[in-house]
Student: 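Starting off with a structure, shown below.
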Amino acid sequence: MARILADRGHDAIFSYAGRTNKPIAQPLPTRIGGFGGVEGLIHYLKDHAITHVIDATHPFAAQMTRNAHAACQTLALPLAGLERAAWQAQEGDQWTTASSIEEAVEALPDCTQTPARVFLAIGKQTLQPFAAKPCHHYLLRLVDEPDGDLPLSRCDYVVERGPFTLEGDYALLKTHKIEIIVSKNAGGVGAAAKLEAARKLGLKVIMIDRPETPQRSVFDTPDQILQWLHHSANLGV
Ligand SMILES: NC(=O)c1ccc[n+]([C@@H]2O[C@H](COP(=O)([O-])OP(=O)(O)OC[C@H]3O[C@@H](n4cnc5c(N)ncnc54)[C@H](OP(=O)(O)O)[C@@H]3O)[C@@H](O)[C@H]2O)c1
C-alpha cells in the first residue's frame, strides 16, 4: 500500500505503533508511536489536515482500528480498512476454532493429560494466558529478542521475521517436535506456510478467530483502496 501511494505521488504519512525494534523502512514519511487515545488521534488528524485514513493494521490490532474509526466518525473523515481475507480450513486440516486467546488456552490439553509441544504463533503480546497451562512446552516465534523474562517457564523461541516459507516452517515444526499449533487467523500469504506444513505433518491447529471491529468499508487489495481514494476525492469528501 505504502509503495503504491508513494509511486503515485500521494501526500501520505505512514504511522507505526512502535511495537518492534527495527520496523521495516517505508517509502513514505513515517511517524512512530501512539497518539494518546482517540482524542490524541483527532488532534493529529486535524493538525496535519488529513483528508483520508487507511487502516492497514493487522486484523488483531483491534484497538488501533477502534481508535481510527472513532476519530474518523468525530471528524467525518473517510476511512477504509485494508484487510486480508481470513484463512479457511482446507481438506486435511485439523482445526479447532477459538474465539479468544483464553478459549485457545482452554482448547489445549488439560495438564492432567500428557504434556504437549505447542507452537504459539501469536506474537509476544498475549503469551501470559498460556501460563495457566504450564505443563506444555511452548515454542515462540518473535520479531525481536525478548527484552525481559518471558511469562512461560517451559519455552524456546526463535527470532525470525516473515514472510515464512513452507520448507522453513516444515523444518521448524519437525525440529521442535511440535504437536499443536496455536495461530491467530491473520490471513494472507506471509504467515500461511505453518498451516500448509501442519497439513503435511497432520498436526492439530487451534485457530483464533478475529476480534470484532466497527463497521467500515473494508478492501482486501491496495488497488481497491486506491480506487476508493480516487472515488471519494472526486466526490469531494
Ligand atoms: N495484535 C496482533 O496480533 C498483531 C500481529 C502482527 C502485527 N501487529 C501490528 O503491530 C502493531 C501494534 O498492534 P497492537 O495489536 O499492539 O495494536 P493495538 O493494541 O490495537 O493498539 C496499540 C496502540 O497503538 C496506538 N495507535 C492507535 N492507532 C495508531 C496509529 N495509527 N499509529 C500508531 N499507533 C497507533 C494506540 O495508542 P494510543 O492510545 O497512545 O494512541 C493503541 O492503544 C500494528 O501495526 C499491528 O498491525 C499486531
Side-chain angles (χ1 to χ4, degrees), residues 1-2 5 12-26 28-48 50-75 77-84 86-87 98-105 119-130 140-144 146-147 157-164 181-195 206-214 216 218-220 222 225:
M1 184 79 252
L5 290 172
I13 297 171
F14 190 103
S15 180
Y16 268 129
R19 289 283 191 256
T20 54
N21 292 342
K22 287 190 203 121
I24 294 169
Q26 297 295 337
L28 291 173
T30 300
R31 64 165 300 285
I32 301 182
F35 296 94
V38 176
E39 281 308 310
L41 181 55
I42 289 172
H43 282 299
Y44 181 90
L45 296 172
K46 278 211 281 205
D47 290 351
H48 291 77
I50 301 294
T51 60
H52 294 74
V53 176
I54 300 168
D55 171 7
T57 55
H58 188 274
F60 282 74
Q63 191 61 47
M64 292 172 84
T65 293
R66 282 194 292 268
N67 287 10
H69 183 261
C72 288
Q73 288 273 91
T74 303
L75 297 172
L77 283 183
L79 165 73
L82 173 59
E83 208 167 272
R84 313 171 283 224
W87 291 316
S99 64
S100 63
I101 293 281
E102 288 69 25
E103 254 192 56
V105 176
F119 177 28
L120 280 188
I122 57 168
K124 68 174 177 188
Q125 295 188 62
T126 43
L127 298 174
Q128 181 64 50
F130 290 90
L140 316 177
R141 176 154 60 190
L142 307 172
V143 176
D144 297 309
D147 49 12
Y157 66 87
V158 289
V159 176
E160 208 182 351
R161 197 193 279 263
F164 304 106
I181 299 176
V182 179
S183 169
K184 290 177 173 174
N185 197 335
V189 290
K194 59 179 177 283
L195 304 176
I206 299 171
M207 184 62 75
I208 306 170
D209 285 336
R210 296 172 173 195
E212 295 261 332
T213 45
R216 65 214 198 287
V218 176
F219 303 96
D220 60 10
I225 297 270

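If you're wondering where the values come from, they're calculated on a predicted model, not measured in any experiment. Note that the numbering runs from 1 along the sequence shown for the chain. All ligand and atom numbering here is 1-based and tracks the order in the structure.
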Student: Below 4.0 angstrom from a heavy atom of G37, which ligand 1 atoms are there? Numbered from 1 as shown, please.
Tutor: 38 (P), 39 (O), 40 (O), 41 (O)
Student: Taking the minimum heavy-atom distance to atom 43 (O) of ligand 1, which of R210, Q63, R66 ranks first?
Tutor: Q63
Student: For atom 3 (O) of ligand 1, which protein heavy atom lies nearest, and how many Å away is it?
Tutor: K184 NZ, 2.6 Å
Student: Please check if the side chain of W87 supplies one atom and the backbone of G188 the other of a donor-acceptor pair under 3.5 Å.
Tutor: yes
Student: So is G33 in contact with ligand 1, going by heavy-atom distances below 4.0 Å?
Tutor: yes
Student: Just by distance, with hydrogens left out, do S99 and D209 show a side-chain donor and acceptor under 3.5 Å apart?
Tutor: no
Student: Side chains of L82 and D220, heavy atoms from C-beta outward: is any pair under 4.5 Å?
Tutor: no
Student: Tell me the protein heavy atom at minimum distance from atom 25 (C) of ligand 1, and give that distance in Å.
Tutor: G34 CA, 3.8 Å
Student: Does R31 reach ligand 1, in the sense of a heavy atom lying below 4.0 Å from it?
Tutor: yes
Student: Give a yes or no on whether D147 atom CG has more than 12 heavy-atom contacts from other residues, nucleotides or ligands under 6.0 Å away.
Tutor: no
Student: Can you pull out the closest protein heavy atom to atom 16 (O) of ligand 1? Residue, atom name and distance to 0.1 Å, please.
Tutor: R19 NE, 2.8 Å
Student: After noting the C-alpha distance and the side-chain angles of L28 and I13, does the key distance pass the side chain to side chain contact (heavy atoms under 4.5 Å, CB included) rule?
Tutor: CA-CA 6 Å; L28 291 173; I13 297 171; over 6 Å; no
Student: I want to check something: taking the side chain as every heavy atom from C-beta on, are V143 and K22 in contact at a cut-off of under 4.5 Å?
Tutor: no
Student: What protein heavy atom lies closest to atom 33 (C) of ligand 1? Include the residue and the distance to one decimal.
Tutor: S15 OG, 3.2 Å
Student: In terms of residue, atom name and distance, what is the protein heavy atom nearest to atom 28 (N) of ligand 1?
Tutor: M64 CG, 3.6 Å
Student: Evaluate the ring planes of H58 and F60, with Trp represented by its six-membered ring, and classify them as parallel (under 30°), tilted (30 to 60°) or perpendicular (over 60°).
Tutor: tilted
Student: Given K124, Q125, H58, which has its nearest heavy atom closest to atom 6 (C) of ligand 1?
Tutor: H58
Student: Are E83 and R216 ion-paired here, with the side-chain N under 4.0 Å from a carboxylate O?
Tutor: yes
Student: Tell me, please: is G40 in heavy-atom contact with ligand 1, that is, under 4.0 Å?
Tutor: no
Student: Which protein non-hydrogen atom lies closest to atom 13 (O) of ligand 1, naming both residue and atom, and how far is it?
Tutor: A61 CB, 3.7 Å
Student: Quick test: of every protein heavy atom, which one is nearest to atom 40 (O) of ligand 1, and how far off is it to 0.1 Å?
Tutor: G36 N, 3.0 Å
Student: Could you check atom 31 (N) of ligand 1 against the protein and tell me its nearest heavy-atom contact, residue, atom and distance included?
Tutor: F35 CE1, 3.5 Å
Student: Let me confirm one number: the OG-CZ distance from S15 to F35, rounded to the nearest 0.5 Å.
Tutor: 3.5 Å
Student: Taking 4.0 Å as the limit for heavy-atom contacts, which would you say applies to A186 with ligand 1: side chain only, backbone only, both, or neither?
Tutor: neither
